A.B. asks: 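Next up is a structure, given as structure tokens.
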Amino acid sequence: MASEDEVNLLVIVVDVNPIWWGQQAQREPEFTLSKCLDGVMVMGNSHMALTRTNKLAVIASHCQDSHFLYPSKSLGGGGGAAEDTSSSRDGKYELLAVANSAIAEEIRNVLSKTEVRGNSTDTLLAGSLAKALCYIYRVSKELDVGQEIKSRILVIKAAEDCALQYMNFMNVIFAAQKQNILIDACVLDSDSGLLQQACDITGGLYLKIPQKLALTQYLLWVFLPDSEQRSQLVLPPPAHVDYRAACFCHRNLIEIGYVCSVCLSIFCNFSPICTTCETAFKIQLPQMVKPKKKKLKMPA
Amino acid sequence: MASLSEEVLLVVKKVRQRKQDGTLYLMAERIAWGPEGKDRFTVSHPYSDIRCQKISPDGKAKVQLQLVLHTGESTTFHFANESTALKDREAAKELLQQLLPKFKKKANKELEEKNRMLQEDPVLFQLYKDLVVSQVISAEEFWANRLGGLNNSEPAPCSNKQEVGISGAFLADIRPQTDGCNGLRYNLTTDIIESIFRTYPAVKQKYSENVPHSLTEKEFWTRFFQSHYFHRDRINTGTQDIFSECAKQDEKGLMSLVNKGVKNPLVDLLSLEDKTLDEGYGIKQALPSTSNTNKTVKESSNAAIIKRFNHHSAMVLAAGSRKNEVPADQASETSSTDGNSRDSDFFQPPVKKVCVFTVKLQEAIEYEDLQRESKQKTVALNLKKSDRYAHGPVPLQSQKYTTSQDIINAVNCIQHEMAHYKPNLTQVMSSTAASSAIAALSPGGVLMQGGAQQAINQMVPSDIQGELKHLYVAAGELLRHFWSCFPVNTSFLEDKLTGHLEEMLQTAYSKFHIWQTRRMMRKT
């Protein structure tokens with residue numbers, strides 16, 4: 001088992017895109033955001049119950065912002081005394097009770113403050129991941145002397161990928177790779193190429209769940225063990241990641257293309273001028289063979 | 001006889017070959033035999049083809065000489081002249097013995113090189129076995145690209161050797177040992193002899209003149225050591241000494257060196273002499289003259305020793321900077337007249353005085369690494385549409401299109417739902433859902449397909465892997481031959497491509513096919 005001094009930090013990033021979840025509630029009323037959050041809480045509780053030195057953080061990823069559900073700011077202020085007494089009545093481990101109530105309260109706050117704007121309907125996932133990385137960094141700086149920390153991020157994704165966040169996403173992924181932070185992904189609806197890349201690069205697990213109702217089971221089975229234990233377990237094999245680049249002109253995924261040597265932009269067809277940096281290219285055309293003039297034989 | 005363009009070294013009549021009478025001719029580059037009465041040679045072998053010669057034992061009645069070629073064939077000559085058979089054969093054998101080694105080196109060199117390459121590189125050796133031994137490619141084609149330039153140039157490692165200089169103390173290293181009874185033993189090794197010859201070309205000249213005509217080597221060196229040339233107190237008495245000439249040449253050389261002086265414009269050696277101003281301000285005395293008249297015996301012997309030391313050092317330095325001359329080269333006429341002053345050339349390259357001055361001045365005052373670095377001219381990158389880079393590999397068109405009304409509805413719905421959210425952790429999921437999830441995650445389940453596959457190199461035994469690797473490398477070599485034919489400029493290449501290579505590839509393919517079926521049969 002891990003030594004007593006090793007801190008294991010799990011940051012769960014939950015996609016709470018209200019538009020998607022609202023539509024989901026209309027499509028499939030058995031599995032809604034409440035169920036999803038219940039599952040997340042079970043996962044968080046299990047993680048904290050494993051070892052005393054395990055730490056947890058939960059971030060809600062919204063269209064407007066990213067919000068820390070746990071640890072939340074209101075905890076330090078000693079607010080919600082009524083909630084505390086009610087939860088401690090059933091003899092639950094204090095920490096878990098506090099965590100659960102904090103998460104519940106925060107998510108209520110977040111969703112009540114939702115303002116709908118038509119132009120931003122995408123989940124700010126890259127921002128949430130960046131916040132997670134910063135939190136991990138902060139915690140690792142606040143450790144006691146001699147303590148080591150191992151952290152990972154679990155992303156529970158609902159809505160689709162946003163193409164505009166590509167750059168930020170890739171930066172986050174590479175930063176996580178440098179810090180040896182695993183990024184796991186549990187995808188509810190549609191496959192996400194960015195998260196597949198993230199899991200492949202950082203060494204985490206990517207899973208698209210066939211049954212949303214059994215979310216908790218998948219979380220506990222696949223994502224609860226940490227990276228050392230995963231090597232001993234038989235887990236779903238890594239998915240094949242599509243690393244093909246997209247051409248700059250049509251955004252088609254191509255395997256073979258033309259790359260401008262000046263600005264490194266990728267094209268699917270050859271054009272004599274690069275449209276990004278306006279460099280002119282010369283291509284050697286095959287040599288034209290001049291037909292030889294046949295000498296006419298003069299009649300004798 | 002037929003006109004011979006080569007020099008004939010030996011003719012032996014009445015030599016039988018394959019039961020035919022004829023004459024054996026040994027020429028400058030080959031050995032040939034022609035039957036009696038005919039003009040042309042039926043048998044002709046260049047010496048480079050001959051690997052060795054064999055003779056029949058002396059007691060035998062038949063006197064024979066056999067030539068074994070590199071290819072393994074052998075030709076036998078029977079010396080049939082009753083009286084002189086043995087003598088003839090001995091004469092032929094002697095001549096061959098002298099000639100064969102000269103030509104042997106050329107042929108062997110190539111073979112040796114090939115053998116060495118094959119031994120050093122096991123991959124090449126395997127390739128050779130696969131392609132040449134099984135006759136997919138001919139040996140010449142195989143070696144065509146690899147030997148390249150072997151016959152023309154020296155092998156590369158030799159050219160990087162540094163020349164060994166001469167130790168300044170080489171004469172002192174010949175420590176004489178007392179012989180017991182008033183004699184001295186000098187041990188001369190070839191290194192020391194070489195050093196002496198390189199430093200003192202005059203001695204070398206004397207050596208080549210006298211040895212081995214009038215003096216043996218031992219006598220030469222004995223005289224050398226006995227001569228006053230060698231000893232410290234070099235008093236020039238006695239002209240019968242062969243080395244007295246050397247002494248005179250040395251003297252001349254030294255004088256010419258001194259006269260040339262050192263022409264470094266930044267250093268003025270002459271200003272280092274004592275300057276006299278007046279009585280009491282310096283030494284007012286005539287400079288000591290170098291003439292022999294007024295000196296005492298001691299002074300002159302000291303001067304002689306110092307002169308010898310200077311000369312010796314100058315010679316050692318000059319010999320070290322001289323390029324390695326071919327030993328057979330005799331000293332040219334110009335050098336024999338001015339003795340060893342040839343070496344003084346190496347102290348001053350013949351350049352104009354002014355240029356030398358400026359160059360030396362610049363060298364002295366400028367340092368390379370203190371100069372400003374020369375910046376390369378760069379072209380600025382000018383991007384027109386840089387937002388293209390930010391877009392990820394996601395197609396532009398979005399899959400879903402939601403109306404604003406849908407959005408509002410959805411948000412309202414979720415807000416309504418979550419306004420009264422209370423976690424209910426005991427009712428998270430039903431047991432059926434959980435067990436189906438577990439089933440999907442167990443080995444063989446829906447999510448576990450395509451996982452934990454054995455690596456293919458664990459499934460295939462290693463000997464098959466090895467054979468496959470060899471086949472692959474051989475196929476690569478054939479492909480290299482194929483691609484080297486492009487661009488098809490000449491008709492030769494075209495023919496090679498369509499005819500020869502086609503054949504090679506077919507052979508290779510059939511070989512692979514055979515191997516494949518053999519392996520498959522073994523499995524089943």
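Just so we're clear, the structure is a prediction, and the values are computed from it rather than from any experiment. When reading the values below, keep in mind they use all heavy atoms of this one structure, side chains included, and skip hydrogens, waters and symmetry mates. Chain A is the first sequence line, chain B the second, and so forth, proteins listed ahead of strands; every chain is numbered from 1.
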A.B. asks: Which atoms of B:Ala434 come close to chain A, meaning under 4.5 Å heavy atom to heavy atom: side chain ones, backbone ones, both, or neither?
C.D. replies: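 For B:Ala434, backbone and side chain are both near chain A.
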A.B. asks: What option among B:Met429, B:His420, B:Gln427, B:His416 has the most heavy-atom pairs under 4.5 Å with chain A?
C.D. replies: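 Between B:Met429, B:His420, B:Gln427, B:His416, the count favours B:Met429.
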A.B. asks: Check each atom of A:Thr275 against the heavy atoms of chain B and say whether the ones under 4.5 Å are side chain, backbone, both or neither.
C.D. replies: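 Both parts, heavy atoms under 4.5 Å.
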A.B. asks: Less than 4.5 Å to any heavy atom of chain A: does that hold for the side chain of B:Leu381, its backbone, both, or neither?
C.D. replies: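 It is the side chain, since no backbone atom gets that close.
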A.B. asks: Is it true that the side chains of A:Ser34 and B:Glu417 contain a donor and an acceptor less than 3.5 Å apart?
C.D. replies: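 Yes - a donor-acceptor pair under 3.5 Å links their side chains.
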A.B. asks: Does a side-chain heavy-atom distance below 4.5 Å link A:Glu278 with B:Lys384?
C.D. replies: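 Counting from C-beta outward, A:Glu278 and B:Lys384 do come under 4.5 Å.
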A.B. asks: Let's test your reading of the structure: which of A:Cys247, A:Ala214, A:Ala245 forms the most heavy-atom pairs below 4.5 Å with chain B?
C.D. replies: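 Highest number of heavy-atom pairs under 4.5 Å: A:Ala214.
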A.B. asks: Checking B:Asn409 against chain A: side chain, backbone, both or neither under 4.5 Å from a heavy atom?
C.D. replies: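 For B:Asn409, backbone and side chain are both near chain A.
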A.B. asks: In terms of heavy-atom proximity below 4.5 Å to chain B, should A:Pro238 be classed as side chain, backbone, both, or neither?
C.D. replies: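 Neither part.
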A.B. asks: Under 3.5 Å, is there a donor-acceptor pair linking the side chains of B:Gln516 and B:Arg519?
C.D. replies: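 No donor-acceptor contact under 3.5 Å links the two side chains.
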A.B. asks: Under 4.0 Å between a Lys/Arg side-chain N and an Asp/Glu carboxylate O for A:Lys35 and A:Glu30?
C.D. replies: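 Salt bridge flag = no for A:Glu30 with A:Lys35.
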A.B. asks: Quick one: closest heavy-atom pair of A:Gln23 and B:Asp406, and the distance?
C.D. replies: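 In terms of heavy atoms, the two residues are closest at NE2-CB, 4.2 Å.
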A.B. asks: Heavy-atom pairs under 4.5 Å with chain B: which of A:Leu264, A:Ile266, A:Ile107, A:Thr216 has the most?
C.D. replies: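 The candidate making the most pairs under 4.5 Å is A:Thr216.
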A.B. asks: When only pairs under 4.5 Å are counted, which of A:Tyr218, A:Trp21, A:Tyr243 shares the most heavy-atom pairs with chain B?
C.D. replies: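 Among A:Tyr218, A:Trp21, A:Tyr243, the one with the most close pairs to chain B is A:Tyr218.
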A.B. asks: Quick check on B:Ser436 against chain A: is it the side chain, the backbone, both or neither that has a heavy atom closer than 4.5 Å?
C.D. replies: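 Answer is both: backbone and side chain atoms of B:Ser436 are under 4.5 Å from chain A.
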A.B. asks: B:Pro423, B:Ser435, B:Ser430, B:Ser442: which one forms the most heavy-atom pairs within less than 4.5 Å of chain A?
C.D. replies: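 Looking at each of B:Pro423, B:Ser435, B:Ser430, B:Ser442 in turn, B:Pro423 comes out on top.
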A.B. asks: Measure distances from A:Ala25 to the heavy atoms of chain B and classify the residue's part below 4.5 Å as side chain, backbone, both or neither.
C.D. replies: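 Side chain only.
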A.B. asks: Looking at A:Tyr258, I'd like to know if its OH atom is crowded, meaning that more than 12 non-hydrogen atoms belonging to other residues, nucleotides or ligands lie closer than 6.0 Å.
C.D. replies: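 No, because the 6.0 Å sphere around OH of A:Tyr258 holds 12 heavy atoms or fewer from other groups.
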A.B. asks: Mind listing the closest non-hydrogen atom pair of A:Leu111 and A:Pro18 along with its distance?
C.D. replies: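 So the minimum-distance heavy-atom pair works out to CD2-CB, 4.4 Å.
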A.B. asks: Evaluate side-chain contact (heavy atoms from CB on, under 4.5 Å) for A:Leu33 paired with A:Val16, printing each intermediate quantity in order.
C.D. replies: CA-CA 8 Å; A:Leu33 186 54; A:Val16 294; 4.1 Å; yes
A.B. asks: Need one label for A:Ser190: side chain, backbone, both or neither, based on atoms under 4.5 Å from any heavy atom in chain B.
C.D. replies: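 Neither part, no heavy atoms under 4.5 Å.
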A.B. asks: Would you call A:Asp38-B:Lys422 a salt bridge at under 4.0 Å N-O?
C.D. replies: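 So A:Asp38 does not pair with B:Lys422 through a salt bridge.
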A.B. asks: Quick one: of A:Asn45, A:Thr32, A:Asn100, A:Leu213, who has the most non-hydrogen atom pairs under 4.5 Å with chain B?
C.D. replies: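 Option with the top pair count is A:Thr32.
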